[in-house]
Amino acid sequence: MVERKHVAIIGGGITGLSAAFRLQKMMEETKETFNVTIIESSDRFGGKIETIRREGFTIERGPDSFLKRKKEALELVEELGLSDQLVSNNMGKAYILKNRKLHSIPESSFMGVPSLLKPLLDSTLLSEDGKARALNDLFIPPYPPFDDMSVGDFFAGRLGQEMVDDIINPLLSGIYAGDLYKLSLRATLPQFIGLENRAGSLILGAKQALPKKKTSQFATLKKGLSSLVDRLVETIRFPMLKNTCVTKIEKMNGRYKMSFKNGEALVVDGVIFTIPHEKTQELMSDCPYLKQLSAEPCTSVGTVAMAFDASQVTIQKEGTGFVASNKEPSTITAATYTHLKWPHTTPSGKVLLRCYVGKAGDEEILDETDETIILKSLNNLKDVVDIDGQPEFSVVTRLRESMPQYVVGHTQLLKKIEETLRHDYPRVYLAGASYDGVGLPDCIRQGNDAAKQLFNQLKLH
Ligand SMILES: Cc1cc2nc3c(=O)[nH]c(=O)nc-3n(C[C@H](O)[C@H](O)[C@H](O)COP(=O)(O)OP(=O)(O)OC[C@H]3O[C@@H](n4cnc5c(N)ncnc54)[C@H](O)[C@@H]3O)c2cc1C
Ligand SMILES: Cc1c2[nH]c(c1CCC(=O)O)Cc1[nH]c(c(CCC(=O)O)c1C)Cc1[nH]c(c(CCC(=O)O)c1C)Cc1[nH]c(c(C)c1CCC(=O)O)C2
């Protein structure tokens, strides 16, 4: 009898679970069967996704929702029969914190780039000089063709430093928690490359890039994002190992031998790595380009959820929350008015505020005690939200090295790594937040793609 081929998925976050689910689906749809083992080092699945329930609140310690525009998350929810659990947010307005005040983000802007002149001219975020400089974008010639450039340099060159510091940087920090002058434009916002050339300017181009319909952008699940993880774990029929850390991978007669911290080992024909890139690099230390990628930093961030009685809190400007300007000397980088953004998470008569702390170059706050983090967050919040007394309870979450920073040249480096893998490590794939997008839909897409490619390779092998 021929032994069944065996593959391992390393990491049980959303990427690894999506890859496992996709492999199972493809096996159900064809006559092919392989053994699959999912290996997770911690005592739970979900990785960055973690929902907790406390005193009637549904609290997300990591991501709180996903973009609907990128289809993969919605498709997965549907495939898992969870569509009836979907909730979309009913308010899209967010603010920028500057000089301890909240300012509206100019209307009809795309990633902070205004598509109309009036909202730009009316904005309280920019000085007259800053506005005049931003308008220069309409007249200056396009960039000569380039392969990659930092997001900060790209936008500052066209719209000026002030626009970047006070509008674009805060909004993008609300996605990447990163240093814009290091982040790669090609890896994060490729739709902007050549846009100013084709449209005549970025401002004119933003109009084309802006989604046509102004519908709700984000969705989540009624019982929290962990219910997506739970449903995946229930549905996946492969062995799923918890508390099992992969410490070594060696090539062995055309197969791969994986060693675990507990001394056990597993020999497999293919591997999907879904763990952070620097950990993958430790396991695959002879892959040269992976070493280069492992030099890319990961930012440590934290979230602070605080529950109040409604009588204690008055929100001055209603919306989903705010992000802080780059120059703002605040501990918090952003705050979500969770009870307004996601009313289903909060019992009636209560308020749930969630602050974000930590960004590239400013991560020491995570070494402070919970009490200090809560105190500092509350002090910042009190500038713009009327708060009476202390939270009824708080939940502090530290997500160390959790936001990968795609630096300039990231996409080209990924291509080289993929070529090397195809040549030197057949049937080994990399997927997840370290590579091609940090959002949940991007992670699911990468898990799906790795599963499809591995499945096809195994059929040929
Ligand atoms: C505070 C915060 C807020 C966010 N908000 C949003 C949001 O609102 N919307 C959105 O779309 N995205 C959001 N993101 C991004 C998104 O949550 C992540 O990019 C995504 O969850 C990453 O999934 P992953 O499976 O690639 O990695 P992870 O979730 O990190 O999973 C990797 C898994 O591998 C395990 N592992 C590590 N090493 C080993 C080893 N050696 N052996 C075995 N297992 C190992 C880990 O324990 C972990 O479970 C947010 C991220 C953060 C930090
Ligand atoms: C205004 C605001 C933002 N983000 C946030 C706010 C505060 C108020 C609120 O909760 O509404 C909150 C937030 N969300 C995320 C962060 C960064 C992580 C951190 O600092 O902990 C922060 C600070 C992750 C994210 N937030 C988002 C992603 C990416 C989702 C994806 O690309 O799939 C992540 C990882 C989505 C997001 N978030 C934001 C934008 C402009 C986008 C992209 C929207 C689009 O593409 O159309 C800004």
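Start at 1 and go down the list; that is how both ligands and their atoms are numbered. One-based numbering along the sequence shown.
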Exercise for the section: Consider ligand 1: state whether an atom of it lies below 4.0 angstrom from any non-hydrogen atom of T244. Expected result: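 Flag set, T244 near ligand 1.
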
For ligand 2, which atoms, with element, lie under 4.0 Å from some heavy atom of [X]?
X: F322; value: 7 (C), 8 (C)
X: A177; value: 20 (O)
X: T336; value: 8 (C), 9 (C), 10 (O)

Handout entry: Atoms in ligand 1 flagged as close to I39, the criterion being non-hydrogen separation under 4.0 Å
Key =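 In order of number, 43 (C), 44 (N).
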
Quick check: [X] and ligand 1, any N/O pair under 3.5 Å apart?
X: T15; result: yes
X: V438; result: yes
X: E40; result: yes
X: Y356; result: no
X: L440; result: yes
X: V246; result: yes
X: R61; result: no
X: M403; result: no

Exercise for the section: Starting from atom 21 (O) of ligand 2, find the nearest protein heavy-atom neighbour and note its residue, name and distance. Expected result: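 The closest one turns out to be Y356 CD2, 3.2 Å.
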
Practice task
Measure K70 to ligand 2 on non-hydrogen atoms and call it side chain, backbone, both or neither using the 4.0 Å cut-off.
Solution key: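 Answer for K70: side chain.
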
Exercise for the section: Just say parallel, tilted or perpendicular for the rings of H344 and W342, cut-offs at 30° and 60°. Expected result: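 Taking W342 first and then H344, their aromatic rings stand perpendicular (interplane angle over 60°).
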
Problem - Other residues, nucleotides, ligands: >12 heavy atoms within 6.0 Å of K251 NZ - result: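 Correct, the count exceeds 12.
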
Practice task
Kindly check if the number of other-residue, nucleotide or ligand heavy atoms within 6.0 Å of NZ (K327) is above 12?
Solution key: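 Atom NZ in K327 is crowded, with more than 12 foreign heavy atoms closer than 6.0 Å.
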
